Number of protein chains: 2
Amino acid sequence: MTGYLKGRLRREDIITAAIEAYRETGYHGSSLREVAKRAGITHAGLLYYFPTKEALLAAVLERRDAEDAEREKLDIPPGMELLRHLIALAEYNVAHRGIVEVYARLAAEAVAPDHPAHEYFIRHYQIARDSAVATFTALAESGELRDGVDPHAAAVAFIGMEDGLQVQWLTTPDEVDLVGSMRFFLRNLLTVPLD
Amino acid sequence: MTGYLKGRLRREDIITAAIEAYRETGYHGSSLREVAKRAGITHAGLLYYFPTKEALLAAVLERRDAEDAEREKLDIPPGMELLRHLIALAEYNVAHRGIVEVYARLAAEAVAPDHPAHEYFIRHYQIARDSAVATFTALAESGELRDGVDPHAAAVAFIGMEDGLQVQWLTTPDEVDLVGSMRFFLRNLLTVPLD
DNA sequence: CCTACCGATCGGTAGG
DNA sequence: CCTACCGATCGGTAGG
């Protein structure tokens, strides 16, 4: 039984090491040997836990989903409160640069249809868009969205801006106020103050 | 003399081949042998023209700058006309997916301070921001910008959105109207119609 | 521009 | 989990 526990812990250590490596050199740029060294084992040892390089990537994305689900707390209904929550999430990200780096790098790599994370990001964008559309639609119905603002257009633009600001912020942190820009964007769409 | 011409043409062929390769697998993921094969020579032959892998990347970025300068026609003054020009540029990009792919991939890779294109993207963002700030400032002065819209915040958000939409569009082309989203964003900031 | 080569590193396997 | 190994590939150099 403790054997199983130890194995699970080891797997978590390896995933943590992989996230660090992907952050610095991306998925394609990270070798199994580098990840293994960070986790304190050999690369052959790593392959005992994750049979291929792709299996390790899948585990990294699974953990991100699990963390997102925990942080996003599915019980927030679409609307003003969810917008405030998204801003809080952006504040969290700015304080955890590594998360943003991994996400931005993988998203750009995974643009290629044959990238192992391609399907993951298709789903990721779909979910993000659906959630944003629902929120802006709710705001329109309650009169909190400015007249003539299309909820779907607002959703796509909002998600795009969030992602693009991340890369710009990572490159020139002192020149970009990520959270401030999000507030700016939303303020221009709403009829009510953000907070 | 024709010797020099032939060499210049060969260099251009190699740069074109490199752009194709970076588009598909990024800079780190592209080997000199793969680029050389596309250009119809050996990788040692490539190294005769570009002494290192980094020198080739520099040449790729130089060409992008040259093309941008040509397309952006420095003689457009900041203001409404420049916004229309940026939209036309986005339309051009949507019709030339390869350009967008190279740019988005390199931008995400170059987030790392030790990436050979890091300094390039710092400059790139700075220039883009300065140009956008000048434009929104001019619009504010002529009364074409909505009251209370900060030109600097608008500039950062606008550039962020452009870049983020590119990755989202590359991943799910059918779900994202890149040009439409840009128009949507600008329409919400302006007091006058876009065209 | 090429052939031929270098040392280093890659993901993965065998066999314990 | 490791040692030991595989074939493949990497960027770069020598020498012409």
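Keep in mind the model is a prediction, meaning the values are calculated, not measured.
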Self-check item: Protein-nucleotide distance (B:L46, atom CG; C:dC2, atom C1'), rounded to Å
Solution: 13 Å

Practice problem: May I ask you to verify if any side-chain N or O of A:S31 is less than 4.0 angstrom from the OP1 or OP2 atom of C:dC10? | Solution: yes

Quiz item: Nearest to the side chain of A:T42 - D:dT3, C:dG12, D:dG12?
Solution: D:dT3

Practice problem: Let me know the distance between CD of A:E34 and P of D:dC10, rounded to the nearest Å. | Solution: 20 Å

Quiz item: Salt-bridged, A:R123 to A:E119, with N to O below 4.0 Å?
Solution: no

Exercise. Answer with base, sugar-phosphate or nothing: what part of the nucleic acid does A:L47 contact at a heavy-atom distance below 4.0 Å?
Key: base

Quiz item: Taking for each residue the nucleotide of DNA chain D with the nearest heavy atom, is it B:Y48 or B:E54 whose nucleotide lies nearer the 5' end?
Solution: B:E54

Quiz item: Ring centroid separation for A:Y92 and A:H85, is it under 6.0 angstrom?
Solution: no

Quiz item: Does the side chain of B:N93 come under 3.5 Å of the side chain of B:Y103 through a donor N or O and an acceptor N or O?
Solution: no

Quiz prompt | Path from A:V60 to A:I99 over hydrophobic side-chain contacts below 4.5 Å | solution = no

Exercise. Look through every strand shown and name the nucleotide pairing with D:dG16 as Watson-Crick or G-U wobble, where both distances are under 3.5 Å.
Key: C:dC1

Quiz item: Roughly, in whole Å, what's the span from OH in A:Y27 to P in C:dC10?
Solution: 14 Å

Quiz prompt | Residue whose nearest DNA chain C nucleotide is more 5′ - A:G29 or A:P51 | solution = A:G29

Quiz prompt | Atom-pair distance (CG on B:L57; P on D:dG12), nearest Å | solution = 12 Å

Exercise. Using atom NZ of B:K53 as one end and atom C1' of D:dT13 as the other, report the distance to the nearest whole Å.
Key: 18 Å

Practice problem: Rounded off to whole Å, could you give me the CZ-to-P distance for the A:R33 and D:dT9 pair? | Solution: 16 Å

Quiz item: Tell me: CD1 of B:I41 to P of D:dG11, nearest whole Å?
Solution: 14 Å

Self-check item: Cationic N near anionic O, under 4.0 Å, A:E109 to B:R105
Solution: no

Self-check item: Euclidean distance, atom CG of residue B:L56 to atom P of D:dC10 [Å, nearest integer]
Solution: 14 Å

Quiz item: Does B:A44 or A:H43 map to a spot on DNA chain C nearer the 5' end, using the closest nucleotide for each?
Solution: B:A44

